[in-house]
Amino acid sequence: MTITVTTGALGDVAADTHVVMLGPGTVRPAGDAAAADRAAGGAIAKMLSAGLFEGKAGEVAVLPVTGRGKAKRVVVLGLGEPAKRTLDTFRTQMGNLSRRLRDAGGGSVAVSLEALDHVEPEAAGEAIAEGFILGLYRFDKHHTKAADRPTKTVGEITVAAGSARRAAAIRRGVERGSIMAEAQNFARDLGNEPANLMTPTIMAARAQQLAAETGLECTIIERAEAERLKMGSYLSVANGSMQPPKFIVLHHRGGGPRARTIALVGKGITFDTGGISIKPAADMDAMKADMSGAAVVIGAIGAIARLKLPVNVMAVAPCTENMPSGSATKPGDVVYAMDGQSIEVINTDAEGRLVLADGIAYARANGASTIIDVATLTGAVRVALGTVRFGIFSNNDRLFGEIERAGEAAGEKMWRLPLDDEYGEQIKSPVADMKNTGGAPAGSITAAKFIQNFAGDTPWAHLDIAAIDMTPNEAGVNPRGNTGRPLRTLVHFVASRAS
Ligand code: BES
Ligand code: MN
Ligand code: ZN
């Protein structure tokens, strides 16, 4: 999808649909909205005086062009009360608008940002690109019937920016937002694909393909090499599977040989049956998305490469299935991670932390000075935070602050949860250095305490995304299915380290 930014007035842009925005209390449309009103034969002014359009947030009116005008239709979008207008609400409105435009017949669209005085132009450009590219995402490749694959689509998008200075800033934002949104759609594609079509082998191939496109360096660590590296914790999860495990490593060397390296580590369980501690049948299909963390870090480093951020970044994605079989790991087994620490596997369904242990140990052994892991780790985080915010844990207040600010810029919400030493008591093992479960209380925290053992004194943050990686109903920039969150938070964080 191409998004062009022009300096001219909206009325001068040839497009099927012209979009203007109005707040509450508008008596007479002005500027671009006045031109749109003339094209619609005065319908906007009539709607306003008749109280048929109030300018409420997200309100949409679709009007035919009756007079002279370059468009076939005019769409009026309500901006809502000035006090409640934020960057987030604007991004959400753009996401919802993108689908309304598609339903209204699609075609090319020109949007006037004239009335948008509450958002910085660059952030507005970013949000409009994200709104449209993310909002129009669909995963329908496996529908073979044409009726199940709607043909209507939004075509070329033009943003009428007003002044040349605003246009330049909006253009910068559009470029960054487009790169991040396309990367997020890439992550969504990986997450939405069923597990038979997104095996560790296929994930590795997709990572290699991305590397070829973006100039990233890609290494796939095969089982034999993982054995040589003593990744016993990661490999213990792969024991039950017929699919060969693939430990994916990507490097973006944007910061020069002496600069520090940020590691992004993502959980890559391409299907989680629970293993011998098998899960109930209900909703087990959702476990095809248990590699969302891996998809997000692979997508993020792709965006980081495309943005040419002057930072060294490493993405690490330990990928494997978690299956029961005659060769599967059994409850009570003791395994060793590559840093030498021993783990008693109490529950084979607590496998995410086992692959992250070696993912993080590998990142540290390979020079990471900051580590962020992303994982669909615990059902308990849904109980704690629901589907609104993801859980974040960190052994470093400064790092947490940086990630929180990145999340604010990206519009992805999080909430910090604690790592008190007392919680560590729950994962003490009588036979090994630690055990992989800590009982029902504080399930997300004990999982984080387990991972913390592998981060050591390296500044580290853990993002438990188990409740926000998928969404059952479309809203704002997120259609149904995999959301690709929190990819933009990671990219904003790395960008903040670049400046
Ligand atoms: N992948 C699951 C967590 C999950 C659950 C993600 C629901 C998304 C939706 C993880 O591997 C898991 O099974 N966790 C267990 C841990 C328990 C055995 C300590 C859980 O949360 O029940
Ligand atoms: Mn599990
Ligand atoms: Zn899992």
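Numbering of ligands and ligand atoms starts at 1, following listing order.
- Close approach to Thr437 involves these atoms of ligand 1, each under 4.0 Å from a residue heavy atom: 19 (C).
- The aromatic rings of Phe90 and His118 lie perpendicular to each other, with more than 60° between the two planes, well past the 30° mark.
- Under 3.5 Å, the side chains of Thr446 and Gln426 contain no donor-acceptor pair of N or O atoms.
- Of the protein's heavy atoms, Leu377 O, 3.4 Å lies nearest to atom 14 (N) of ligand 1.
- The shell of residues lying under 4.0 angstrom from ligand 1, judged by heavy atoms, includes Arg353.
- At a heavy-atom distance under 4.0 Å, no atom of Ile269 approaches ligand 1.
- Side chains of Asn478 and Arg188: a donor on one and an acceptor on the other come within 3.5 Å.
- Put simply, atom 1 (N) of ligand 1 has protein non-hydrogen atoms near it, under 4.0 Å away.
- Inter-residue side-chain proximity for Gln341 and Phe454 is flagged as met; some heavy-atom pair is nearer than 4.5 Å.
- A salt bridge is absent between Glu175 and Arg172; no separation between the charged side-chain nitrogens and carboxylate oxygens falls under 4.0 Å.
- Summary: OD2 is the N/O/S atom of Asp272 found nearest to the Mn ion (ligand 2).
- Remark: distances from the non-hydrogen atoms of Met470 to ligand 1 are all 4.0 Å or more.
- Taking atom 9 (C) of ligand 1 as the reference point, the nearest protein heavy-atom neighbour is Met287 CE, 3.5 Å.
- Of the polar atoms of Lys267, at least one N or O is found under 3.5 Å from an N or O of ligand 1, judged by distance alone.
- The atoms of ligand 1 that sit less than 4.0 Å from any heavy atom of Lys279 are 12 (C), 13 (O).
- No side-chain donor from either of Thr270 and Asp290 sits under 3.5 Å from a side-chain acceptor of the other.
- Nearest to atom 18 (C) of ligand 1 by heavy-atom distance, out of Asp290, Asn347, Thr348, Val237, is Asn347.
- A donor and an acceptor atom, one from each side chain of Glu126 and His492, are located under 3.5 Å apart.
- Here the N, O or S atom of Glu351 that is nearest to the Mn ion (ligand 2) is OE1.
- Closest N/O/S atom of Asp272 to the Zn ion (ligand 3): OD2.
- For the residue pair His142/Glu193, the side-chain donor-acceptor check at 3.5 Å is satisfied.
- For Arg382, the heavy-atom gap to ligand 1 stays at 4.0 angstrom or more.
- Of the candidates Arg91, Lys84, Arg85, Asp88 forms a salt bridge (charged side-chain N to carboxylate O under 4.0 Å, His left out) with just one, namely Arg91.
- Under 2.8 Å from the Zn ion (ligand 3) lies no N/O/S atom of Ile269, from backbone or side chain alike.
- Around atom 15 (C) of ligand 1, the closest heavy atom drawn from Asn436, Ile346, Asp349, Thr376 belongs to Asp349.
- Residue Asp290 approaches the Zn ion (ligand 3) most closely through its N/O/S atom OD2.
- The protein heavy-atom contact nearest to atom 20 (C) of ligand 1 is Gly379 N, 3.9 Å.
- Numbered from 1 in the order shown, with element, the atoms of ligand 1 that lie under 4.0 Å from a heavy atom of Asp272 read 1 (N), 2 (C), 10 (C), 11 (O), 13 (O).
- With ligand atoms numbered from 1 in the order given, ligand 1 contributes 11 (O) to contacts under 4.0 Å with heavy atoms of Glu351.
- Looking at Glu402 and Arg405, no side-chain N of the basic residue comes within less than 4.0 Å of a carboxylate O on the acidic one, giving no salt bridge.
- No hydrogens or angles considered: nothing links the side chains of Asp339 and Tyr362 as a donor-acceptor pair under 3.5 Å.
- Within 6.0 Å of CD on Glu225 lie more than 12 heavy atoms contributed by other residues, nucleotides or ligands.
- For a distance bound of 2.8 Å, the N, O or S atoms of Asp349 include one lying that close to the Mn ion (ligand 2).
- Looking at Ala380 next to ligand 1, no N or O pair under 3.5 Å apart turns up.
- Looking at Asp349, Asn322, Thr348, Thr437 one by one, the single match for side-chain hydrogen bond (donor to acceptor under 3.5 Å, both in side chains) with Ser277 turns out to be Thr348.
- Taking the Zn ion (ligand 3) as reference, the nearest N/O/S atom within Glu351 carries the name OE2.
- With rounding to the nearest 0.5 angstrom, the OH atom of Tyr137 is 11.0 Å from the CZ atom of Phe186.
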